[in-house]
Amino acid sequence: MFIRAYLRASTDDQDASRARKTLSTFTELHKQRIASYYQENISGTQLDRPELNRLLDDTQENDILLIENIDRLTRLNDKDWKTLKQKIEQKGLRIVSLDVPTSYLAIDNKRFINNDPIIKAVLESINNMLIDLLAAMARKDYLTRRERQSQGIEKAKEEGKYNGRVADKERHQKVMYYRNDKMLSISETAAATGYSRSQVCRIQASYKKDLESSI
């Protein structure tokens, strides 16, 4: 059994690695360890995700898919969620999510209740039901937030207050401070600022472009 941790953040401005320590601590408490991490910045509404696909390709039967919350795995519509869940089941991959306590049975060394097939079947049914319920709630939460965002933007536009998304200038400046004269490597800068390597490169390119256009 290998534990494969999946970490996802929706946008490049969010830190997908934030949950790494939480997941590591969880496995240590259950006397296990994480074999590999799969991390990406991509919307949970997308079925096709490179790192999630790589995780599925690497998986062997009875491996664990470890996530912090169900919404890190899915904000998919019902059809796409059924497709993803089918892929997971076909691989023999078991989902363990920190917000679904019944899923811990798959990772718990004791497994004392697994000797009773009736109790095991009941708990697996409850576990599947909870995962499906939280998946539906994650989708609903996404749609609600999108609707509120849209309403807020429309209101701001009507009032002449909408200026689009504002970059975090202070964090961007910190990136450039570390990268000027290559004080830190790209990886070190990413670790120091909470950005990914690709974000650091994009911020550098953006500042370079702005500098060249001002000359």
Side-chain angles (χ1 to χ4, degrees), residues 2-28 33-58 65-76 97-99 138 141-142 145-146 148-157 159-215:
F2 289 99
I3 299 175
R4 305 182 185 279
Y6 179 65
L7 302 96
R8 182 193 65 78
S10 297
T11 67
D12 284 341
D13 289 334
Q14 297 174 345
D15 183 9
S17 67
R18 177 195 54 77
R20 184 182 286 250
K21 182 173 176 56
T22 301
L23 296 178
S24 178
T25 300
F26 172 80
T27 53
E28 287 172 7
R33 67 183 182 84
I34 295 170
S36 52
Y37 289 89
Y38 301 80
Q39 179 180 321
E40 60 189 341
N41 288 72
I42 193 169
S43 173
T45 63
Q46 292 185 220
L47 178 60
D48 187 17
R49 293 176 237 160
E51 282 300 290
L52 181 57
N53 291 340
R54 187 168 72 87
L55 185 154
L56 292 171
D57 288 340
D58 292 346
L65 167 54
L66 180 64
I67 47 177
E68 184 183 24
N69 297 294
I70 292 296
D71 64 7
R72 296 304 85 200
L73 178 63
T74 175
R75 289 187 183 275
L76 299 165
S97 181
L98 272 58
D99 59 345
D141 175 68
Y142 166 78
R145 287 191 296 107
R146 291 279 292 183
R148 288 176 180 169
Q149 279 180 340
S150 179
Q151 291 171 347
I153 289 171
E154 286 303 315
K155 184 178 179 181
K157 285 180 177 178
E159 296 174 354
K161 298 178 181 178
Y162 182 68
N163 297 314
R165 189 173 180 179
V166 180
D168 188 338
K169 292 183 179 179
E170 187 175 339
R171 281 178 79 195
H172 284 197
Q173 288 172 355
K174 187 180 289 187
V175 167
M176 296 311 298
Y177 171 75
Y178 287 136
R179 289 299 294 150
N180 280 340
D181 300 322
K182 296 185 179 179
M183 181 186 297
L184 295 180
S185 69
I186 291 175
S187 296
E188 290 168 337
T189 301
T193 59
Y195 283 125
S196 65
R197 285 171 50 87
S198 60
Q199 285 175 276
V200 170
C201 292
R202 278 197 291 272
I203 291 168
Q204 276 189 267
S206 175
Y207 271 70
K208 183 179 179 181
K209 183 178 179 181
D210 290 344
L211 180 62
E212 289 174 347
S213 63
S214 66
I215 295 176

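Quick note: residue numbers are just sequence positions, from 1. Heavy-atom basis, side chains included; hydrogens, waters and symmetry copies ignored. On a predicted model such as this, the values are computed, not experimentally measured, just so you know.
Taking both residues in full, the closest heavy atoms of I34 and A5 are given as CG2-CB, 3.8 Å, listed atom of the first, atom of the second, then distance. For S24 against Y37, the heavy-atom pair with the smallest separation is CB-OH, 3.8 Å. Taking each heavy atom of L47 and L76 in turn, the nearest pair found is N-CD2, 3.6 Å. Closest approach of E40 and R49 over heavy atoms only: OE2-CB, 3.2 Å. Closest non-hydrogen pair, S187 versus R197, comes out as OG-NH1, 2.6 Å.
Residues passing the ring pair (Phe, Tyr, Trp, His ring centres under 6.0 Å) test with Y38, sequence neighbours excluded: none. Partners of N53 according to the side chain to side chain contact (heavy atoms under 4.5 Å, CB included) rule, which considers only residues two or more places apart in sequence or in another chain, are D48.
Within the model, atoms CG of D57 and CD of E51 stand 10.5 Å from one another, a figure rounded to the nearest 0.5 Å. Note that the OH atom of Y195 and the SG atom of C201 stand 13.5 Å from one another [nearest 0.5 Å]. We find the CG-OG distance between N41 and S196 to be 5.0 Å, quoted to the nearest 0.5 Å.
The main-chain N or O of R202 is never found under 3.5 Å from a side-chain atom of S206 such that the two would form a donor-acceptor pair. In this structure a side-chain-to-backbone donor-acceptor pair under 3.5 Å is missing from S17 to R20. R4 places no side-chain N or O within 3.5 Å of a backbone atom of S36 that could act as its donor or acceptor partner.
Using modelled atom types and a 3.5 Å distance limit, the side chains of R8 and S10 yield a donor-acceptor pair. Using modelled atom types and a 3.5 Å distance limit, the side chains of T45 and S43 yield a donor-acceptor pair.
Put simply, the side chain of Y178 does not reach to within 4.5 Å of the side chain of V200, judged on heavy atoms. Taking the side chain as every heavy atom from C-beta outward, L7 and E68 never approach each other to under 4.5 Å. In this structure, I67 and L23 have side chains that are not in contact, with every pair of non-hydrogen atoms separated by 4.5 Å or more.
For the pairing with R179, the side chain to side chain contact (heavy atoms under 4.5 Å, CB included) check across Q204, E188, K174 returns one residue only, Q204.
Environment of CZ in R54: crowded, with over 12 heavy atoms of neighbouring residues, nucleotides or ligands closer than 6.0 Å. For R146, the CZ atom is loosely surrounded, since the number of other residues' heavy atoms within 6.0 Å does not exceed 12.
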- Item | CA sep, side-chain torsions, deciding dist, call: I42, L52, side chain to side chain contact (heavy atoms under 4.5 Å, CB included) | CA-CA 10 Å; I42 193 169; L52 181 57; over 6 Å; no
